[in-house]
Protein chains: 2
Amino acid sequence: MSQERPESPESPESEGAPRRRRADAVRNAEAVRAAAKQVFAESGVDAPMREIAARAGVGVGTVYRSYPLRSDLIIAVFRHELEATAQDARALADEHPPREALRLWTRSLARFLATKRGFATALHSGDPAYAPLPAQFLGVLAPEVQRILDLGAADGTMRRDIRAEDLIPALGRLSDAGPADGTDADASRMIDVLLDGLAAR
Amino acid sequence: MSQERPESPESPESEGAPRRRRADAVRNAEAVRAAAKQVFAESGVDAPMREIAARAGVGVGTVYRSYPLRSDLIIAVFRHELEATAQDARALADEHPPREALRLWTRSLARFLATKRGFATALHSGDPAYAPLPAQFLGVLAPEVQRILDLGAADGTMRRDIRAEDLIPALGRLSDAGPADGTDADASRMIDVLLDGLAAR
DNA sequence: TGACAAACCGGAACACCGTTCCGCATAGTT
DNA sequence: AACTATGCGGAACGGTGTTCCGGTTTGTCA
């Protein structure tokens with residue numbers, strides 16, 4: 001029971017006790033996350049911070065306190081779905097040969113990106129507010145996708161010199177195309193071409 | 001000589017005589033274009049309008065009068081280099097077999113994009129200020145690149161179901177990757193994969 | 001319980017930026 | 001020289017990200 005005391009850190013080595021966050025702070029952080037989810041769905045991930053704050057019944061300062069970077073808020077909102085997409089890769093790898101698993105997974109990825117307005121664009125925008133996004137995105141997806149690539153390399157159906165860290169950003173960029181591009185190219189067709197290029201020669 | 005009169009339109013059918021622009025207006029438009037070229041090189045194509053105006057020794061209103069959309073200014077600044085890139089496609093098609101010509105041309109395109117800071121990103125940003133950019137971009141490049149694709153289809157080395165209008169945006173997106181992505185993937189490698197996928201099966 | 005310090009809050013304030021608008025200046029014409 | 005329409009400058013407006021601080025709330029300790 002005495003373990004509950006904030007002053008008794010589990011890890012004695014850590015510098016200074018990281019006093020527990022106040023209850024109202026966590027409440028507000030969650031309210032902001034929920035509000036952001038709504039607003040992102042309606043107006044995209046680049047919606048004004050003020051609107052998110054207003055929707056959460058909170059001041060803008062509070063938003064920035066819990067989520068200093070816009071990307072922190074985006075990750076918090078989409079983390080679950082992002083991890084689900086990663087699990088799709090794992091499941092598909094178990095049920096299909098590698099090439100087919102990868103092809104099907106690109107659909108899953110495209111679905112994820114298509115339903116998060118502005119996410120794909122933010123991913124390669126270069127905007128500092130989104131800077132940590134690509135790495136976090138990759139961090140979740142790459143391990144599972146790499147597993148498919150490894151299987152494909154092992155059974156000789158895929159080339160071995162492309163890693164998930166290269167492939168996923170490329171897929172993300174190609175997925176972002178489509179009607180909103182101004183040119184009505186079909187995104188999935190170019191993705192299929194890319195996957196064909198991934199086949200072992 | 002009487003032909004010089006503004007009141008004598010060459011095409012009688014057109015509605016109203018399009019009075020010639022004033023001399024100071026063309027001077028200013030050119031000064032703005034030159035200033036924009038400098039500023040774009042230093043700060044990217046999304047540099048503040050005010051800075052371009054200041055550099056040109058002109059008010060912001062004057063910038064908007066000659067170039068209502070940001071994309072108008074961008075096109076004006078890069079038109080020559082863009083057309084040179086299109087000519088590269090023509091030249092390469094004459095000197096190499098189609099697949100090799102296309103491979104070399106992607107390098108030319110990547111060079112073009114790499115030296116125009118922010119251009120590639122603007123191309124697929126969805127920002128209304130850049131809306132006409134993709135179409136103008138394609139309008140210049142597509143005819144020459146399509147020629148390569150046609151040659152490749154004719155000699156049986158390339159698949160026939162991909163058109164330049166689909167391929168070029170994809171190449172543009174993949175070229176935009178690289179170190180600035182946050183992930184240090186090598187853009188040219190994924191482009192090579194895409195080109196491999198373009199080979200006839 | 002009451003008091004106190006640390007943590008936290010709200011939102012005004014500041015710094016930019018794109019874009020518009022209009023009184024004034026000037027080029028071109030008669 | 002006088003006149004007109006064309007063009008000019010830059011103030012002004014609306015919107016946005018981000019910071020900052022006086023005041024409030026929470027958790028703790030006596």
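In the text below, chain A, chain B and the rest are named by the order of the sequence lines, each starting its count at 1.
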Gap between atoms [atom1] and [atom2], on [X] and [N] respectively (whole Å):
X      : N      : atom1 : atom2 : value
B/D127 : D/dT16 : CG    : P     : 14 Å
B/D24  : C/dT26 : CG    : P     : 10 Å
A/Y64  : D/dT16 : OH    : P     : 12 Å
A/R27  : D/dT25 : CZ    : P     : 12 Å
B/R20  : C/dG28 : CZ    : P     : 8 Å
A/E51  : D/dG15 : CD    : P     : 12 Å
B/Y67  : D/dG7  : OH    : C1'   : 15 Å
A/M49  : C/dA13 : CE    : C1'   : 18 Å

### Task
Could you check B/R159 against A/D196 for side chain to side chain contact (heavy atoms under 4.5 Å, CB included), going step by step and ending with a plain yes or no?
CA-CA 11 Å; B/R159 47 195 287 182; A/D196 279 353; 3.0 Å; yes

#### Entry: 5' priority, DNA chain C, between B/D46 and A/G59 [closest heavy atom]
A/G59

### Message
Nearest heavy atom decides the nucleotide; on that basis, is A/T62 or B/G61 closer to the 5' end of DNA chain C?
### Response
A/T62

### Task
Please state whether the rings of B/F112 and B/F78 are parallel, tilted or perpendicular, taking 30° and 60° as the class boundaries.
perpendicular

Answer yes or no: does a side-chain N or O of [X] lie under 4.0 Å from OP1 or OP2 of [N]?
X     : N      : result
B/N28 : D/dG7  : no
A/R65 : C/dC9  : yes
A/R50 : D/dG15 : no

### A/M190 and its side chain to side chain contact (heavy atoms under 4.5 Å, CB included) partner, picked from B/L174, B/L194, B/L171
B/L194

### Message
Categorize A/A23 for me: base, sugar-phosphate, or nothing, with a 4.0 angstrom heavy-atom threshold over every strand shown.
### Response
sugar-phosphate

### Query
Does a side-chain N-to-carboxylate-O contact under 4.0 Å join B/R79 and B/D72?
no

### Query
Which nucleotide in the set C/dG18, D/dC8, C/dC8 lies at the smallest distance from any side-chain heavy atom of A/R21?
C/dC8

### Task
State yes or no: are the ring centers of A/F119 and A/F40 separated by less than 6.0 Å?
no

